Amino acid sequence: MNTRWRLRPFDADRVALLSREANLSPLVAQILLNRGVQNASEAATFFDRRLVGLHDPESLPGVIEAADRIVRAIRDRRKIVIYGDYDVDGVCGTTILWDCLRLAGASDVEYYIPHRVDEGYGVNAEALRTLATEHRADLIVTVDCGISAVREAKLARELGLEFIVTDHHTLGLELPEADVLVHPRLPGSLYPFGDLCGCGVAFKLAWQICKSFGDGKRASPHLRDFLIRSIGLVAMATVADVMPIKGENRLLIHNGLLELAQSRNEGLKALIEVSGFLGKSLSTGNIGFGLAPRINAAGRLERAMQAVEMLTTDDPELARKHAEALDLCNKQRQEVERRIIDEAHEMIAKQGGLNGRGAIVLGREGWHPGVIGIVAGRLAETFHRPAIVVALNADQGQGSARSIAGFDLYEAIHACSDGLTTFGGHAAAAGLKLPRDRFEAFAEAFETHCTRALSPEQLQKSILIDAEVPLGSLTLRVVQAIEALEPHGVGNPRPLLVANRVRVIGDPRAVGERKNHLQLGFAQGDSQIKAIGFNLADRGKVLKSGTLCSVAFHPSINDWQGRKSVQLELKDFRLEEEEGHAQSA
C-alpha cells in the first residue's frame, strides 16, 4: 500500500514571529506551531515541565468524597480491596493506591486483578461475591475499570459492599450506581484535563488521600515523597495506554521518566535491568517497547497479580525473580503473537486481501485471548483498516479491536452492538464479547458500517510531515533543540521531516539480528549524513549507490562512545522518478 505524504501548512510570517519572540530556531518554531503552540507564552508553558503545573485533585469529580470514605475506612480498620485491570494502566494504578493506603496506616488492604482469560475485562459478579464472602471485604475501590459495571454495582450494594469506581474509559448511556464515581469526564465535570489514564486518576485519588493525612492542603513529608516517587508508574501507564502527551500527561511523563531512571522501587529496578535499560536515561520508546510489554505479558498469558507483586515487594531477590518471570512470559507472548499474525495474514489472503473492504474482522479457535489485542493493532497498522480479532471457543468469542487515526472505534462498535454480550473501550481501542453464533453477522455488520463511514482519505495510509528541510540545516544544535520537545507520543508526535533530491552514498546494508533493518548514507550538496531504516531492508533493495530520492525521516542524535552525531531515522522514501512529493495537508 502506497503511503501518502502530507506536508503541514507553512506560514513564513507566523514562523518568523514565534521564532523571534520565543528565541527558537525557525524549524523548532514551525514544529511547535504544528502542535498548536501559537505564541511565546504558550511556548514557555510547553517547555515548562515542572510538577507545579499539575492540577489539584479537588476539582476531579468524586475525588473528595472517595478520599473521605477511604480515610474513614482506614481509621475504622475496615477491610479495603483494590480491584484493578490486568494491563499496565491497571497494574500501576493498583500499585500506587495499595502503597498509598499502606503508608497511610491501613491495617487490612488487599488488591485483586481478574484473570484475563477466565474472567475477562472489568468487574465481574463472581469476583465480587468471593471478595465479599471469602475475603470479608468492606470497601472495594476499582482502578481503570468499573464505569460500565452497571449490574455489578447493583450486586455490590446487595452484598453490602461500599463500592467506589475510579476509571477513565468512555462513559456509556447508563452509569453504575456506585457509592462514588471518580472520572475526569463525568457530566458537569470542571476538571481542566480529561485525558488522564486510569493510573492517573488513581494517582489523583492517592494525592487527595495523602492531603487528608497532612494539613488538608498538602501531604505530610513522607507521603509527599511517596507521591513524587509514584509519578514513574503514572508515566509508564500513560505511555502504555497511548494517552495524548499534552497538558498534565506531558508533565507526568517527563518527570516520571526521570523518576524511573533513579527509582528506589525494587520491582522497577529489576524490570529495568531485565529490559536492558539499567543505568540509561529512559524514553517513551523504552516504556512502549521494553518495560510495558513485560508487565502486559503477565496479564496476557499468566496472571497480572504477579506484576503487582513485583512492584510492591521490598525484597530485591523476589523482585528479580518476578522480573525474570515476566521477561520469559514476554518472550512466550512474542512467539504466540507471531503465530497468530501469520495465520491472520493467511486468512486475509484467502479472503482476497483488502479487496475494497472497510475493516478487518477475523476469528478462529485456538487464538489466545491475551494476545489478540496486539494482533489487532498490527493488522490495523499493516492494512490501515480498523481491525477486530476474536478468539473463539465452543460457545462465545472474546475480541479486541484497534482503530486507525481519526476513526472512532467505540462508536462504530456501538452502532453494530446488537447481539453483543458486552463491549467497552474508547476511540482507539476496544474489547467485546459475543455468542459464537453471532460472529459472522457481527463481522459483516461491522465491515459494512466501516465501509460506509470511512472517507477515501481515511482509507489511504498517510504520514504527516512537519517541514521540508535541506540536510545541511540539521546541525547538532538544531537536532538537540528538536529533542527538547520530548516526550513524544499521541498529541506530540516525533517531528517528521522530508528532504528532497538526496543521493544515496555507498551501498546500503541490511543489518540487525534478522537483517531486517537498513543502514545507508545520504548526500545533498556538500552535506552527508548517515541513516537507519528500521524494518526497511526489503524495501531498501531498490536503493543503490547514486540513487536519487526523497526521504521522510525523524532527526535524531547518535551517541557512539561519547561522540555525538546527527542521524536520520528513515520512515519512508520515494525514488525521484516516482510521481509527486509531499502534498499540503
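Positions are given from 1 along the sequence. Keep in mind the model is a prediction, meaning the values are calculated, not measured.
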Visitor: Less than 4.5 Å apart, side chain to side chain, heavy atoms only: is that true for L60 and P184?
Guide: yes
Visitor: Test L223 against L227 for side chain to side chain contact (heavy atoms under 4.5 Å, CB included), laying out the working first.
Guide: CA-CA 6 Å; L223 288 177; L227 289 171; 5.7 Å; no
Visitor: With the side chain counted from C-beta on, respond yes when L282 and I272 share a heavy-atom pair under 4.5 Å apart, and no when they do not.
Guide: yes
Visitor: Where the side chain of T142 meets the backbone of T166, is there a donor-acceptor pair that is under 3.5 Å apart?
Guide: yes
Visitor: Is the shortest side-chain N to carboxylate O distance from K204 to D56 below 4.0 Å?
Guide: no
Visitor: Hey, is E486 close enough to R494 for a salt bridge, meaning N to O under 4.0 Å?
Guide: no
Visitor: Looking at every heavy atom in both R333 and A297, which two are closest together, and how far apart are they?
Guide: CB-CB, 4.5 Å
Visitor: Are more than 12 heavy atoms from other residues, nucleotides or ligands located less than 6.0 Å from atom CZ of R224?
Guide: no
Visitor: With the threshold set at 4.0 Å, does a side-chain nitrogen-carboxylate oxygen contact exist between R250 and D48?
Guide: no
Visitor: Does K269 come within less than 4.0 Å of E266, counting only side-chain N to carboxylate O?
Guide: yes
Visitor: With salt bridge (charged side-chain N to carboxylate O under 4.0 Å, His left out) as the criterion, how do E457 and R4 come out once you've worked through the C-alpha distance, each side chain's angles and the decisive distance to 0.1 Å?
Guide: CA-CA 10 Å; E457 289 76 18; R4 183 163 62 103; over 6 Å; no
Visitor: Hydrogens and angles aside, do E468 and N500 bring a side-chain donor and acceptor to less than 3.5 Å of each other?
Guide: yes
Visitor: Under the criterion side chain to side chain contact (heavy atoms under 4.5 Å, CB included), I'd like the reasoning laid out for L328 against E324: C-alpha separation, chi angles, the key distance, then a yes or no.
Guide: CA-CA 6 Å; L328 177 60; E324 289 174 347; over 6 Å; no
Visitor: Charged N to carboxylate O below 4.0 Å: is that the case for D559 and R563?
Guide: no
Visitor: Are R320 and E273 close enough for a salt bridge, meaning some N to O gap below 4.0 Å?
Guide: yes
Visitor: Looking at every non-hydrogen atom in both residues, tell me the closest pair between S275 and L291 and how far apart they are.
Guide: OG-CD2, 3.5 Å
Visitor: In the structure I gave you, are the side-chain heavy atoms of N39 and E42 within less than 4.5 Å of one another anywhere?
Guide: yes
Visitor: Using atom types as modelled and distance alone, determine if a side-chain donor or acceptor of R6 lies under 3.5 Å from a backbone N or O of I463.
Guide: no
Visitor: Does Q458 reach the main-chain N or O of G406 with its side chain, forming a donor-acceptor pair under 3.5 Å?
Guide: yes
Visitor: Going by heavy atoms in the side chains, are I529 and Q567 under 4.5 Å from each other?
Guide: no
Visitor: Which atoms form the tightest heavy-atom contact between S19 and A29, and what is the distance?
Guide: N-CB, 3.8 Å
Visitor: With salt bridge (charged side-chain N to carboxylate O under 4.0 Å, His left out) as the criterion, how do R264 and E259 come out once you've worked through the C-alpha distance, each side chain's angles and the decisive distance to 0.1 Å?
Guide: CA-CA 9 Å; R264 288 176 278 168; E259 285 296 324; over 6 Å; no
Visitor: Heavy-atom distance under 4.5 Å between the side chains of L570 and V551, does that happen here?
Guide: yes
Visitor: Can a donor-acceptor pair be found between the side chains of D408 and H426 at a distance below 3.5 Å?
Guide: no
Visitor: Report the distance from atom CG of L97 to atom OH of Y83, rounding to the nearest 0.5 Å.
Guide: 15.5 Å
Visitor: Which pair of heavy atoms, one from F193 and one from G247, lies closest together, and at what distance?
Guide: CE1-CA, 3.9 Å
Visitor: Pairing donors with acceptors under 3.5 angstrom, does anything connect the side chains of N296 and D87?
Guide: no
Visitor: Has the side chain of N286 got a donor or acceptor atom that lies under 3.5 Å from a matching backbone atom of S283?
Guide: yes
Visitor: Hey, is the main chain of P470 close enough, under 3.5 Å, to the side chain of S473 for a donor-acceptor pair?
Guide: yes
Visitor: Do S25 side-chain atoms and V478 backbone N/O form a donor-acceptor pair below 3.5 Å?
Guide: no
Visitor: Is it true that the side chains of H554 and S556 contain a donor and an acceptor less than 3.5 Å apart?
Guide: no
Visitor: Any side-chain donor-acceptor pair under 3.5 Å between N34 and Q30?
Guide: yes
Visitor: Taking all heavy atoms of L485 and all of P495, pick out the closest pair and write down the distance.
Guide: CD1-CG, 4.2 Å
Visitor: Is the NZ or CZ atom of R539 both under 6.0 Å from the centre of the six-membered ring of F573 and within 45° of that ring's axis?
Guide: yes
Visitor: With distance as the sole test, does N255 use its side chain to make a donor-acceptor pair with the main-chain N or O of L251 at under 3.5 Å?
Guide: yes
Visitor: Does the pair L33 and R14 meet the rule for a side chain to side chain contact (heavy atoms under 4.5 Å, CB included), with working shown?
Guide: CA-CA 8 Å; L33 286 167; R14 293 178 65 206; 3.5 Å; yes
Visitor: Taking C-beta and beyond as the side chain, do I113 and V308 meet within less than 4.5 Å on heavy atoms?
Guide: yes
Visitor: Testing the 3.5 Å rule here: is there a donor-acceptor pair between the side chains of E248 and Y191?
Guide: yes
Visitor: Is P386 close to L454 at the side-chain level, that is, under 4.5 Å between some pair of heavy atoms?
Guide: yes
Visitor: Mind checking the CH2-CG spacing from W5 to D572? Nearest 0.5 Å is all I need.
Guide: 5.5 Å
Visitor: Closer than 3.5 angstrom, by distance alone: can the side chain of K246 be matched with the main-chain N or O of V490 as a donor-acceptor pair?
Guide: no
Visitor: Could you measure the distance from the CG atom of L252 to the CG atom of L196? Nearest 0.5 Å is fine.
Guide: 7.5 Å
Visitor: By the definition side-chain hydrogen bond (donor to acceptor under 3.5 Å, both in side chains), identify the one residue from D167, D195, T170 that meets it with R185.
Guide: D195
Visitor: Starting at CG of L536, measure out to CG of N516 and round the result to the nearest 0.5 Å.
Guide: 9.5 Å
Visitor: Report the distance from atom OG1 of T312 to atom CG of D99, rounding to the nearest 0.5 Å.
Guide: 7.0 Å
Visitor: Counting only heavy atoms not in F289, do more than 12 sit closer than 6.0 Å to its CZ atom?
Guide: no
Visitor: Could you state the interatomic distance from NZ (K331) to CG (L326), rounded to the nearest 0.5 Å?
Guide: 12.0 Å
Visitor: Under a 3.5 Å distance rule, please check whether N249 uses its side chain to pair with a backbone N or O of M243 as donor and acceptor.
Guide: no
Visitor: Looking at every heavy atom in both N265 and M310, which two are closest together, and how far apart are they?
Guide: OD1-O, 4.4 Å
Visitor: Does D85 reach the main-chain N or O of V91 with its side chain, forming a donor-acceptor pair under 3.5 Å?
Guide: no
Visitor: Apply the test side chain to side chain contact (heavy atoms under 4.5 Å, CB included) to residues V143 and W98: give CA-CA distance (whole Å), side-chain angles for both, the deciding distance (0.1 Å), then the verdict.
Guide: CA-CA 11 Å; V143 172; W98 185 86; over 6 Å; no
Visitor: Side chains of I532 and V511: does their closest heavy-atom pair fall under 4.5 Å?
Guide: yes
Visitor: Does the distance from a Lys or Arg side-chain N to an Asp or Glu carboxylate O, for R35 and D466, drop under 4.0 Å?
Guide: yes
